[in-house]
There are 2 protein chains.
Amino acid sequence: MFDRESPVPMYYQIERYIEHLIENRNLKAGDQIPSEREFTDQFHVSRMTVRQAIMNLVNSGLLVRIKGKGTFVSNYNKIEKALIGLNGFSEDMISRGMKPGSRMLSFRRILPSTKIAERLGLSKSEEVFEIKRTRLADDEPMAIETSYLPVHVFPKLTEKKASPSLYHYIEQECGLLIDHADQSLEAALVTDEEAKILDIQNGSPVLLIERCSFLKNGQPIEQTKSLFRADRYKFMITLPRG
Amino acid sequence: MFDRESPVPMYYQIERYIEHLIENRNLKAGDQIPSEREFTDQFHVSRMTVRQAIMNLVNSGLLVRIKGKGTFVSNYNKIEKALIGLNGFSEDMISRGMKPGSRMLSFRRILPSTKIAERLGLSKSEEVFEIKRTRLADDEPMAIETSYLPVHVFPKLTEKKASPSLYHYIEQECGLLIDHADQSLEAALVTDEEAKILDIQNGSPVLLIERCSFLKNGQPIEQTKSLFRADRYKFMITLPRG
DNA sequence: TACATCTAGTTGTCTAGACATCTATACGCT
DNA sequence: AGCGTATAGATGTCTAGACAACTAGATGTA
């Protein structure tokens, strides 16, 4: 299970082991994990090495240490994730207790506009997928979402695969982990066409959200424009100070 | 300068020293800081202790380490702060390159509504300050801001002190450090009265932002409702993924 | 010139301890 | 019962090294 000859450092192997412990051994928030000494005996490494593993997990927010008592699974992490977390529409709706849905408006392979090409770091001759969908919550229109993805990043994308949850496809099927996203929010009025799709009156307000998602290396991989019905949607977030 | 007998741990003293180095020695983003060995010689502590100080600063985003090369002042930190940071209106406008301004609409000491009392964790008999202002950017109306602050937290608040920047007063004059804020954003239409104040047409869209600020211990100390002109204001943010 | 090798300096990983500080419990005394 | 003390066990701080891995520059050779 543990390989001292592996080029993977021991502290990193221990980190993954502790994460595994929490996921598979049903450790809930607040539960205590084994002490530093127990890990030292179990893995036959020095205490400083165990501490390096644990400190990394503390810094990532998974664990909390209390002097004199022990090390515990954090619960802050989940609150943080629920409020700050970067979620796709489906995850967002589920966390609000609503049933997400989707109705495809169009699925095309096109040359990007200047703005989209620039945001995605492409030349204007590199194709992108354009996915336009009506987003439903409890079977009623909630938003109009238009996503752009570089063809060279997602060569095998099809209409069917994109349908349920785009984020799920990107992360679970392509193995691309989104690291962060730049997002802007502004208020706007619907056009007549949009009002018809969203089933609201002409001149109603909508929340316009534009998002560009990046990998850890800074490569942009997705640009989405969403138009939310103001009467059904409020964007919630917790901002840390500094 | 450094006290080995102090109860303050050496690694912490070194952390503060490095921060001081960066601020006062004009180290810009990308500049290299002294090597671990140099700190070891300078402070007569072991290398592991120096590493503990440096790793803490790496985790906080101030430094970046490159194996085989050295340790450098980060630039990511500033971008992060500019986009994620929790700012008052004045700081926000300055970072957009505009001149912030303020026109007091009303300054009252009142009993809070049920909603405000609940948000601020007060009983309905505990008074709050209600501060209504027109917020200007480059001398033109940008937003209408209504803030509520518990009287028992800010007993000495006056109309004059609140005028330039509320956040400045809270943090610099009262010494209360805001830790985080819950914020909601939604789209709405202006009322006739608001349209007049903001100098826009009736039926124009506005971005409605509600914010409740908390201290580190979780105590709420400020609740603000802001109505931004949609034609002048866009909310920007960078969201980390988990 | 072009390329490989050596070397000094840096961060990365790890050890086997030491003593301090804090928590919770157990114990004994009043 | 109430109170202080002792103790075990946990994390916090720190040492004085060791070797590995990586970078960049100098040196030597074809």
Side-chain angles (χ1 to χ4, degrees), chain A residues 1-19 21-22 27 29-76 217, chain B residues 1-18 21-22 27 29-76:
Chain A
M1 179 136 192
F2 289 91
D3 186 0
R4 299 188 73 85
E5 308 311 316
S6 162
V8 178
M10 283 305 295
Y11 76 85
Y12 191 80
Q13 295 184 41
I14 296 172
E15 263 186 73
R16 297 290 82 75
Y17 173 77
I18 295 176
E19 283 185 347
L21 261 191
I22 293 172
L27 292 184
D31 287 355
Q32 187 167 9
I33 69 166
S35 73
E36 294 176 355
R37 176 62 195 269
E38 287 176 83
F39 283 124
T40 297
D41 292 346
Q42 182 178 353
F43 302 132
H44 304 101
V45 296
S46 80
R47 196 177 144 223
M48 288 301 282
T49 302
V50 172
R51 281 180 66 81
Q52 188 172 0
I54 292 177
M55 285 309 294
N56 282 349
L57 293 174
V58 169
N59 278 313
S60 76
L62 185 63
L63 298 177
V64 172
R65 322 194 71 175
I66 302 179
K67 191 200 286 198
K69 290 189 69 176
T71 304
F72 303 84
V73 178
S74 167
N75 61 348
Y76 182 67
N217 63 14
Chain B
M1 179 139 194
F2 290 91
D3 185 0
R4 299 188 72 85
E5 307 311 316
S6 161
V8 178
M10 284 304 295
Y11 76 86
Y12 190 80
Q13 296 184 41
I14 296 172
E15 263 187 73
R16 298 290 82 77
Y17 174 77
I18 294 175
L21 261 190
I22 293 173
L27 292 184
D31 287 356
Q32 186 168 10
I33 70 166
S35 71
E36 294 175 356
R37 175 63 194 268
E38 287 176 83
F39 283 124
T40 297
D41 293 346
Q42 182 177 353
F43 302 130
H44 304 101
V45 296
S46 81
R47 195 177 146 223
M48 287 301 282
T49 302
V50 172
R51 282 180 66 80
Q52 188 173 0
I54 292 177
M55 284 310 294
N56 282 350
L57 294 174
V58 168
N59 278 314
S60 77
L62 185 65
L63 299 176
V64 171
R65 322 195 71 177
I66 302 179
K67 190 199 287 198
K69 290 188 71 176
T71 305
F72 303 84
V73 178
S74 167
N75 60 350
Y76 183 68

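Since the structure is predicted, the reported quantities are computational estimates derived from the model, not experimental observations. In the text below, chain A, chain B and the rest are named by the order of the sequence lines, each starting its count at 1.
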Just compare [options] and give me whichever is closest to any side-chain atom of [X].
X: B:Arg47; options: D:dT11, D:dC14, C:dT11; answer: C:dT11
X: A:Lys67; options: D:dC14, D:dT15, C:dC22; answer: C:dC22
X: B:Tyr11; options: C:dT11, D:dT23, D:dT13; answer: D:dT13

Would you say a side-chain N or O of [X] is under 4.0 Å from OP1 or OP2 of [N]?
X: B:Lys69; N: D:dC22; value: no
X: B:Arg37; N: C:dT10; value: no
X: B:Thr49; N: D:dT13; value: no
X: A:Arg65; N: D:dA10; value: no
X: B:Ser35; N: C:dT10; value: yes
X: B:Thr71; N: C:dT11; value: yes
X: B:Arg51; N: C:dT11; value: no

#### Entry: A:Glu15 side chain to A:Met55 backbone, donor-acceptor under 3.5 Å
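No; zero donor-acceptor contacts below 3.5 Å.
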### Query
With distance as the sole test, does A:Gln32 use its side chain to make a donor-acceptor pair with the main-chain N or O of A:Lys69 at under 3.5 Å?
yes
Rounded off to whole Å, could you give me the [atom1]-to-[atom2] distance for the [X] and [N] pair?
X: A:Ile54; N: C:dC14; atom1: CD1; atom2: C1'; answer: 16 Å
X: A:Met55; N: C:dT13; atom1: CE; atom2: C1'; answer: 17 Å
X: A:Met10; N: C:dA16; atom1: CE; atom2: C1'; answer: 16 Å
X: A:Phe43; N: C:dC14; atom1: CZ; atom2: C1'; answer: 16 Å
X: A:Met48; N: C:dA18; atom1: CE; atom2: C1'; answer: 12 Å
X: B:Asp41; N: D:dG17; atom1: CG; atom2: P; answer: 13 Å
X: A:Phe72; N: C:dA24; atom1: CZ; atom2: C1'; answer: 12 Å
X: B:Ile33; N: C:dT10; atom1: CD1; atom2: C1'; answer: 12 Å

Inter-residue atom distance [X].[atom1] - [Y].[atom2], 0.5 Å rounding:
X: A:Leu27; Y: A:Leu62; atom1: CG; atom2: CG; value: 10.0 Å
X: B:Arg65; Y: B:Leu57; atom1: CZ; atom2: CG; value: 10.0 Å
X: A:Asp41; Y: A:Arg47; atom1: CG; atom2: CZ; value: 12.0 Å

### Query
Taking for each residue the nucleotide of DNA chain C bearing the nearest heavy atom, is the 5' side occupied by B:Pro34 or by A:Ile66?
B:Pro34
### B:Glu38 vs A:Gln52, nearer the 5' end of DNA chain C by closest nucleotide
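The residue mapped nearer the 5' terminus is B:Glu38.
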